Each structure stands twice: as C-alpha cells, then as structure tokens.
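The structure appears right after this line, and notes come after that.
Counting starts at 1 for both ligands and their atoms, following the listed order. Quantities reported herein were computed from a predicted structural model and do not represent experimental measurements.
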Amino acid sequence: MMNYRGPEMAALLSGLVSKLQAFVGTRHEVALLTTSGTGGLEAALVNVLSPGDRVIGVDGGVFGKRFCHIAEAYGASVRTLAVEWGTSVSPDALRRVLSEEPNCRAVLLTQNETSTASVHPLEELCRVVRESSDACLLVDAVSSLGAMPLPMEAWGVDVVVTGSQKAWGVPPGMAMLFLSERFWSFRSEAKMPRFFFDLERYRSAQKRGSFPFTPALPIVFALDVALDFMLEETAEGVFARHERLARLARSRVEASGLERFGGEDYPSPTVTAMRLPAGVDEQVLVDRLRTRHDTVLARGQESLRGKILRLGHLGWVEEEDVDRAFDSLELALREMGISSE
Ligand SMILES: *Cc1c(COP(=O)(O)O)cnc(C)c1O
C-alpha cells in the first residue's frame, strides 16, 4: 500500500499515462478506472449520452450486443445493426443505417469481437461515420488495443475502451479509456446518471496527480511494468508478434483437420476459434484438456455454446504456447477416439 494521494503516486501516474499514450501512439487523454472492461464501456456511455438519445450499435457477437444493452439500460434508444455472428459488419451496411438515423448521437463499434474471433474493418467503419455524421464515435477495443493498431486521431475515434487483463497482460481490475477533445463537449451535455464513473472526476484528480477514489494499486504497478516491456519490444514488434501467433494458430487449426470459425474476411490477431468436430461432447473435451493436459480452452458464448472452442493468444504469449495448446487438443481428440484427419 502507498498513499495514493501522495507524491509517489503523482510520479507513477503521470509516467503511466505517458507510457500508455506512447505505446498507443495518441495524445488523447487517458482515464484509469478501477473496474473491468464492461465497466469501462458503461463509463464511456454514461458520459456521452442522455436518456432518449438515438444510438447505433452493432450486434455481431456477445460484446457488440452487450455495448448496446448497456446503453439501453440507461435509457438510450438503440438502433441495432445485426450481423451474422462470425462475420464482420460491412461499411455499406453501416452507411445505410446512418443515413436513416440523422439524429444519431453516438455510434458504438467493436474492434475485435472476442466471442466470434472476428475483427471489424474499423478504419473503413470510422471513415463512414466521420463522413456522414457528427455522432460521438465509441470503440470497444477491450481485446485488441495493445495488440493491433488503432490510430484514434487519424480515424476520428472519440472514446476507446480497453481492459488490463487482455492485450496488456496484467491481472484484471482496470479499464483504460482514451478520450478525444470532442468527447468533453459530449460530456458537458450528457445527462445520464453517474457518480463513480463520472470521467470529469478522474480528469480533475489526475491533474492533481491522483485518483478520485482508491485505485487498484497492484494493477497500477503491474501495468507500469508491463508497459516498460511492451515499449522495449515496440508497438510494431508487439503487433507483429500477435499477427505471427494468429497465423500459427490458424495453420494449426487447418493442420489438425478442424474447421475454423469466424473472421473469414478479417481474422482476429488475438483469438482463434474453431468449430467443435461432429460427435464431440464439448464438456468432456474441455474437462479432459484441463485435467489431463493442463490446457484451458474457452467455450463458445451464448448461441455459440457447444459449437465452437476459442484459444486466446494475446499478452505474454509466444509460439510455444500456441503450439502446446494445439498439441494438447490433437492428443485429447485422439484419446477420445476422434480422428480429425
Ligand atoms: C473481455 C471483453 C469485454 C468485457 O470485459 P470484462 O473485463 O469481462 O468486463 C468487453 N468487450 C470485449 C471485446 C472483450 O473482449
């Protein structure tokens, strides 16, 4: 424990914010919140919107849908653009919806839909929004920022949300928000209720070198160390490593005779999904992998339950980790009498 309102924190915090900005390549303000990724999304929404505001969101998976649901829970009027789970939203489809929603106050996008291992073409989507609307542009980059590029100024993004436990490779407990200048004009008009998540509180506390409320100090320390490693590897190096690991994962899926799920046009650099082979009991396979092969694969969520398995490869991951996961998977399937070849 240290005095989070003392001079040590002022130095740590300003260094941490500078490192985050340097790695991401932005001058946008940073807000550090003691919460999970979902809390970060909620914080973004309640500082931008008022009840009744028209909002456009994308339902292309669990997390895009969740972003819409949070806005609805606070009384926003959400127009949801639904895309088949496992596919990416097309810029033309978004353009059509935008043209039908002239009073749209905010657009909610997801960079990497973790539940379907699919990336959305964010650069093109942002261009469509910026060409045809003054709406506030919010991006859920919880499982992508830190692992792939997101030039937020160049793409005209107003709020980016990420979470400590994903590409940053530290324990869960902190959401990091990147805020454009435009964000603050939305903030001054937004009437949704907020207290803990009022970002003005974080801004004014940060000016004094502190936090408005007691922060999760272990995560602050851990993130500071993680960023030193990441800056040493360089952003380009970190992004290239994730691309390499994702290519390896996709080639291992193919080599083991499994069928890849999602991300056909834009595969994810941070998570790879595969269809469960016919006749395989998901629970039996996942339990066997965990108890006998020391390997934990993520199951499908919601409508994808029992249909797919997912392997995350983000943060402190190397080729060897990906190879071992697939070695285990192939072995477990063989032991179960299922030859995928
Ligand atoms: C993990 C994740 C979230 C939710 O984060 P929590 O920390 O579990 O609240 C939101 N969006 C995306 C894209 C994610 O991958």
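- The backbone N or O of L41 lies less than 3.5 Å from no partner atom in the side chain of D140, so there is not a single donor-acceptor pair.
- Side-chain contacts under 4.5 Å among hydrophobic residues (ILVMFWY), followed directly or transitively, place M148 together with V119, Y266.
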Determine all donor-acceptor pairs shorter than 3.5 Å in which one atom belongs to a side chain in residues 168-178; sequence neighbours excluded.
unit_1, atom_1, unit_2, atom_2, d
W168, NE1, L145, O, 3.3
W168, NE1, T162, OG1, 2.8

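- A donor-acceptor pair under 3.5 Å is absent between the side-chain atoms of S328 and the main chain of F326, judged by distance alone.
- Ring geometry for F196 versus F213: interplanar angle under 30°, hence parallel rather than tilted (30 to 60°).
- Protein residues with a heavy atom under 4.0 Å from ligand 1 are S36, G37, T38, F63, R66, N112, T114, D140, V142, S143, Q165, K166.
- Sequence neighbours left out, the pairs with a member in residues 207-227 that pass salt bridge (charged side-chain N to carboxylate O under 4.0 Å, His left out) are K19-D224.
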